[in-house]
Amino acid sequence: MYVLGIETSCDDTCCAVLKDDRQILSSVVSSQVDFHRKYGGVVPEVASRKHLELLPWVTQEALSRAKIGLETMDLIAVTMGPGLMGSLLMGTCWAKSLALCFNVPIVGVNHLEGHLFAAYLEHQNLAPPFVALIASGGHTELIAVKEWGTYHLLGRTRDDAAGEAFDKIAKFLGLGYPGGPIIDLLSQEGNPSRFVFKAGFEDEDNFEFSFSGLKTAVIRAYQSLEIGPGDIKDLIASFQESVVRVLTKKTIFAAKKLNFKKIVVGGGVAANRALRKRLQEEAQKEGLEVYLPSKSFCTDNAAMVAACGYFHFVRNPQRYFSVKTLEPDPKLGIT
């Protein structure tokens, strides 16, 4: 069974071809970072227009690499939310057009659920129950997964997402965009113990997050210093340490509270080296297993969308959408 995956929830134009549920024949990602860098963040209107321009090429490239034609597709899976409305519209309209032209079934995929399937793609022994941490520029959520397709939201950020905090701190300090990879790299040369920052809800036994106050604390620390290059590296290393600490602490707490032995991590922040290392170390101490996608599948991609779409197509025919009823939902929740 051949599945064409399409992902355009934010600023990456992605297309992939999957054979059955795990065999990736191609995965193409066209990044728009260069177009948004001068603004210090994603401009929704620009993102939508670039998707419109790039989708035909990205689709053709994915098919070419897979050495397969559209007429061979058995299913089209497309991200229907959450995300930027304009970006989602570009992807769903393109997917619906292809489904109509080639008479192929289409299924809408939840972007957050897709991040869970990123780990599923690479870990064949991964099976529920597990606690999932989804951390990205738009989301920071803890989810209890008792079985695939059934999710219970444990807690989420009350304000900024973890990745959003990285981007805002990097922008304020003039480090560039996107902030996550830049801070991850520069933090390797800084002292993470020089400044002590705490995120909201860090010392509370719940599943909630808050990063807005942490961001403010970092800015105030910067403003009170006579800054040199070394100070900046210490500052962002200390900032990253606080984010990594609270994400790890809350995730381990959730797994222990629910008596789950497995942890799955997804989203762009899951590519952070410090977070990957800390989670694995702390989980090992508690006898827990951590399932991390490779870094290329932490960020947005269409292979995870195709895998998720395949699962629902095979499991539940009622999830099929017609080209008339499939509509994007920018606030779609995983539950």
- Below 4.5 Å, heavy atoms only, C-beta onward: do V107 and Y310 meet side chain to side chain? no
- Item | side chain to side chain contact (heavy atoms under 4.5 Å, CB included), paired with E241, selected from S187, P192, S193 | P192
- Note on the structure: Which of V305, L332, D300 passes side chain to side chain contact (heavy atoms under 4.5 Å, CB included) with H111? Answer is D300
- Message: Is the distance from the ring center of F311 to that of Y120 below 6.0 Å?
- Response: no
- Is it true that a side-chain atom of T8 and a backbone atom of G91 form a donor plus acceptor pair closer than 3.5 Å? yes
- Anything under 30° is parallel, anything over 60° is perpendicular, the rest tilted; go ahead and classify H312 against F117. tilted
- Query: Which heavy atom of S9 sits nearest a heavy atom of P82, and at what distance?
  - Reply: CB-O, 3.7 Å
- Task: Count the heavy atoms belonging to other residues, nucleotides or ligands that lie under 6.0 Å from CG of N103, then report whether that count exceeds 12.
- Result: no
- Side chains of F207 and F253: does their closest heavy-atom pair fall under 4.5 Å? yes
- Straight-line distance of E7 CD to T13 OG1, nearest 0.5 Å: 9.0 Å
- Below 4.5 Å, heavy atoms only, C-beta onward: do L126 and W148 meet side chain to side chain? yes
- Query: Just wondering, more than 12 heavy atoms not from Y39 lying within 6.0 Å of its OH?
  - Reply: no
- Item | Exercise: identify the closest heavy-atom pair between T140 and A162 | OG1-N, 2.8 Å
- Kindly give the heavy-atom pair with the smallest separation between G138 and A161, and that separation in Å. C-CB, 3.6 Å
- Task: Could you tell me the separation between the CG atom of L25 and the CG atom of L18, rounded to the nearest 0.5 Å?
- Result: 7.0 Å
- Query: Is a donor on one side and an acceptor on the other found under 3.5 Å between the side chain of N301 and the backbone of M304?
  - Reply: yes
- Query: Judged by atom type as modelled, is there a donor-acceptor pair below 3.5 Å linking the side chain of D20 to the main-chain atoms of M1?
  - Reply: yes
- Nearest non-hydrogen partners of N191 and S238, listed with the distance: O-OG, 3.3 Å
- Is the side chain of N110 donor-acceptor paired with the backbone N or O of G333 at a distance under 3.5 Å, no angle test? yes
- Query: With side chains defined as the heavy atoms from C-beta onward, is the minimum distance between D159 and K215 less than 4.5 Å?
  - Reply: no
- How long is the gap from CG on L186 to CD on Q240, to the nearest 0.5 Å? 10.0 Å
- Message: Just checking K295: does its NZ atom have more than 12 heavy atoms from other residues, nucleotides or ligands closer to it than 6.0 angstrom?
- Response: yes
- Does the S26 side chain pair with the main chain of A62, one donor and one acceptor, at a distance under 3.5 Å? yes
- Message: Keeping S64 on the side-chain end and Q60 on the backbone end, is there a donor-acceptor pair under 3.5 Å?
- Response: no
- Query: Heavy-atom distance under 4.5 Å between the side chains of L4 and L70, does that happen here?
  - Reply: yes
- Message: One pair to check against salt bridge (Lys or Arg N to Asp or Glu O under 4.0 Å): E164 and K171. What are the steps and the verdict?
- Response: CA-CA 10 Å; E164 184 181 2; K171 183 177 182 179; over 6 Å; no
- Tightest non-hydrogen contact, residues S27 and R65, listed as O-NH1, 3.8 Å
- Message: Just checking R22: does its CZ atom have more than 12 heavy atoms from other residues, nucleotides or ligands closer to it than 6.0 angstrom?
- Response: yes
- Query: Nearest 0.5 Å, what's the CZ-SG distance between F313 and C308?
  - Reply: 14.0 Å
- Should the heavy atoms of other residues, nucleotides or ligands under 6.0 Å from CZ of R49 be counted, would the total exceed 12? no
- Task: Would you please name every residue forming a side-chain contact (heavy atoms from CB on, under 4.5 Å) with S48, sequence neighbours left out?
- Result: S87, M90
- Task: Could you tell me whether the side chain of D167 and the main chain of G179 form a donor-acceptor pair under 3.5 Å?
- Result: yes
- Message: Is it the case that the side chain of Q32 and the backbone of D11 share a donor-acceptor pair, with hydrogens and angles ignored and the cut-off at 3.5 Å?
- Response: yes
- Query: Centres of the F239 and F195 rings: under 6.0 Å?
  - Reply: no
- Heavy atoms, side chains only, cut-off 4.5 Å: are K285 and E282 in contact? yes
- Task: Side-chain contact test, heavy atoms from C-beta onward, threshold under 4.5 Å: evaluate it for D203 versus K249 and give yes or no.
- Result: yes
- Which pair of non-hydrogen atoms, one from R245 and one from F197, has the smallest distance, and what is that distance? NH2-O, 2.6 Å
- F260 meets the ring-ring contact (aromatic ring centres under 6.0 Å, His included) criterion, sequence neighbours left out, with none
- Task: Just grab all the ring-ring contact (aromatic ring centres under 6.0 Å, His included) pairs involving residues 280-308, residues at least two apart or on different chains.
- Result: H123-Y291
- Axial cation check for F201 ring with K250, 6.0 Å and 45° limits: no
- Task: Using a cut-off of 6.0 Å, state whether more than 12 heavy atoms not belonging to Q188 lie near its atom CD.
- Result: yes
- Message: Is it the case that the side chains of T59 and W94 hold a donor-acceptor pair, with the cut-off being a distance below 3.5 Å and no angle test?
- Response: yes
- Do side-chain atoms of D12 reach the backbone of C14 as a donor and acceptor pair under 3.5 angstrom? no
- Item | L326 and V78, any side-chain heavy atoms less than 4.5 Å apart | yes
